[in-house]
There are 2 protein chains.
Amino acid sequence: MRVDLAPARESRQTVQSRALLTFLAQADRCLTAQEIHAQLHRQGSGIALATVYRWLTRLVRSGAVDVLMHDDGEATYVRGSDRHHHHLVCRSCGRVTEISEPMVERWTVEVATRAGFADVSHALTVFGTCSACRGSGPS
Amino acid sequence: MRVDLAPARESRQTVQSRALLTFLAQADRCLTAQEIHAQLHRQGSGIALATVYRWLTRLVRSGAVDVLMHDDGEATYVRGSDRHHHHLVCRSCGRVTEISEPMVERWTVEVATRAGFADVSHALTVFGTCSACRGSGPS
DNA sequence: GTAAGTGCAAACGGTTTGCAGCCTC
DNA sequence: GAGGCTGCAAACCGTTTGCACTTAC
């Protein structure tokens with residue numbers, strides 16, 4: 001499930017950018033900028049947090065990466081996919097699953113249009129407790 | 001369309017809290033904490049920003065007010081209602097319309113359950129440009 | 001009188017930016 | 001060699017918090 005993350009056609013390749021892009025291409029879940037930074041450090045790529053942010057900003061602008069704003073105001077980043085999708089997030093472990101359903105897409109556009117709105121977009125996130133977390137401790 | 005914003009049964013009434021609650025009860029659109037603070041000052045109620053935040057936090061916890069996280073990480077607040085609903089927000093003027101649709105409710109629960117999730121909840125916000133804003137300047 | 005509510009200012013945490021130096025092309 | 005990329009640290013900005021004071025009950 002490799003996705004071409006290099007919209008950086010006109011960007012210079014550096015040790016840092018290569019490490020970051022490679023890492024992001026392989027990541028399979030939502031990560032905050034700080035997590036990405038920490039992970040890269042853990043695997044030996046000494047990239048500065050500011051650089052991570054600079055690249056994420058650039059990648060988001062180019063559409064290669066999607067941002068997900070969390071309730072606490074922290075942003076998480078995921079490889080962007082061409083198709084629109086939503087996230088199913090476990091309240092306990094934070095694991096994210098992508099979900100998608102054309103019906104919701106159609107419904108939101110329809111409702112918004114009926115209300116006189118144009119240029120419609122939407123953000124939907126579903127929260128719950130995954131089976132693993134429930135099994136280990138429903139508290 | 002007045003909504004009882006006083007979940008503060010067990011709270012003391014003060015000049016500030018009364019001004020804030022009255023203002024919120026009349027507000028018909030999403031407002032940031034800072035906007036609420038500025039508006040209150042404009043109308044002569046010298047309330048501190050920290051107090052605005054403290055009340056908003058309390059009201060959100062009690063369910064009297066809904067939070068809406070924006071892409072830039074800023075939170076906006078609107079009167080909440082008892083029944084579950086979603087928001088249709090104008091990107092330009094910030095006006096908020098409540099929308100609700102059982103189908104979406106059912107779908108999210110179904111998808112989440114199928115994925116092994118329990119105790120499901122969801123957050124859906126639809127963004128668009130309302131007719132008024134479009135008419136005045138589609139840019 | 002007592003404790004909740006308030007104001008102020010400092011702290012916080014995530015993100016952005018200015019600038020000097022490095023390194024790719 | 002020139003200019004993009006990076007690192008560092010300081011700045012930013014919305015939000016939270018500690019503490020002393022005020023005020024509703």
Side-chain angles (χ1 to χ4, degrees), chain A residues 5-24 30-62 64-78 94, chain B residues 5-24 29-62 64-78 89 94:
Chain A
L5 256 182
R9 299 277 171 232
E10 58 307 324
S11 307
R12 287 189 183 172
Q13 285 209 358
T14 63
V15 190
Q16 294 88 342
S17 70
R18 221 167 309 137
L20 179 65
L21 292 173
T22 305
F23 177 75
L24 281 179
C30 274
L31 293 162
T32 64
Q34 323 250 357
E35 282 171 341
I36 293 169
H37 176 241
Q39 289 281 6
L40 284 172
H41 265 261
R42 204 163 303 142
Q43 66 182 49
S45 308
I47 188 174
L49 184 55
T51 305
V52 173
Y53 275 111
R54 277 192 271 243
W55 272 98
L56 287 174
T57 306
R58 175 189 292 207
L59 291 170
V60 167
R61 196 154 38 216
S62 79
V65 162
D66 285 344
V67 210
L68 232 146
M69 194 49 86
H70 281 227
D71 288 352
D72 59 359
E74 215 175 355
T76 54
Y77 303 84
V78 232
Chain B
L5 255 183
R9 298 278 169 231
E10 60 304 327
S11 307
R12 288 187 184 171
Q13 284 208 0
T14 62
V15 190
Q16 295 86 344
S17 70
R18 219 166 310 134
L20 179 64
L21 293 173
T22 305
F23 176 76
L24 281 180
R29 57 181 220 83
C30 273
L31 292 162
T32 64
Q34 324 250 358
E35 282 172 340
I36 294 169
H37 175 243
Q39 290 281 6
L40 284 173
H41 265 260
R42 205 163 302 144
Q43 66 182 50
S45 308
I47 188 175
L49 185 54
T51 303
V52 173
Y53 275 111
R54 278 192 271 243
W55 271 98
L56 287 173
T57 306
R58 174 189 293 208
L59 292 171
V60 167
R61 197 153 38 217
S62 79
V65 161
D66 286 343
V67 210
L68 240 142
M69 194 49 88
H70 281 227
D71 289 352
D72 59 0
E74 215 175 354
T76 55
Y77 303 83
V78 232
V89 186

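Chain naming here is simple, since letters A, B, ... match the order of the sequence lines and numbering starts at 1 in each. Scope of the values below: all heavy atoms of this structure, side chains included, with no hydrogens, waters or symmetry mates.
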Taken to the nearest 0.5 Å, the spacing of B/Tyr77 OH from B/Asp66 CG works out to 11.5 Å

Heavy-atom closest pair (A/Met69 atom, B/Gly73 atom, distance to 0.1 Å) is CE-N, 3.5 Å

Here the distance between atom C1' of D/dC13 and atom NE2 of B/His70, to the nearest Å, is 17 Å

> Any donor-acceptor pair under 3.5 Å linking the side chain of B/Thr22 with the backbone of B/Arg18?
Replying inline: yes

Here the distance between atom P of D/dT15 and atom NE2 of B/His37, to the nearest Å, is 13 Å

To the nearest angstrom, the CZ-P distance between B/Arg18 and C/dA4 comes to 19 Å

Please list, for nucleotides 14-16 of chain C, all pairs of protein and nucleotide N/O atoms separated by less than 3.5 Å.
| residue | atom | partner | partner atom | Å |
| --- | --- | --- | --- | --- |
| C/dT15 | OP1 | A/Ala75 | N | 3.2 |
| C/dT15 | OP2 | A/Tyr53 | OH | 2.1 |
| C/dT15 | O5' | A/Tyr53 | OH | 3.1 |

Closest heavy-atom pair, A/Trp55 versus A/Ser17, reported as atoms and distance to 0.1 Å, is CZ2-CB, 3.2 Å

Listed pairs, N/O of protein and of nucleotides 2-6 of chain D, under 3.5 Å:
| residue | atom | partner | partner atom | Å |
| --- | --- | --- | --- | --- |
| D/dG3 | N2 | A/Arg12 | NH1 | 2.3 |
| D/dG3 | N3 | A/Arg12 | NH1 | 3.2 |
| D/dC5 | OP1 | A/Arg12 | N | 3.1 |
| D/dC5 | OP2 | A/Arg58 | NH2 | 3.0 |
| D/dT6 | OP1 | A/Thr14 | OG1 | 2.7 |
| D/dT6 | OP1 | A/Ser17 | N | 3.4 |
| D/dT6 | OP2 | A/Trp55 | NE1 | 2.8 |
| D/dT6 | O3' | A/Gln16 | NE2 | 2.9 |

Is there a side-chain contact between A/Leu56 and A/Val67, using heavy atoms and a 4.5 Å cut-off? no

Heavy-atom nearest pair, A/Glu35 first then A/Cys30, reads OE1-O, 4.0 Å

Name the atoms and distances for all side-chain donor-acceptor pairs under 3.5 Å in residues 38-53 of chain B, with sequence neighbours left out.
| residue | atom | partner | partner atom | Å |
| --- | --- | --- | --- | --- |
| B/His41 | NE2 | B/His37 | NE2 | 3.2 |
| B/His41 | NE2 | B/Ile47 | O | 2.9 |
| B/Tyr53 | OH | B/Gln34 | NE2 | 3.3 |

- Item | Validation row: B/Thr76, B/Leu31 side chains within 4.5 angstrom (heavy atoms) | no

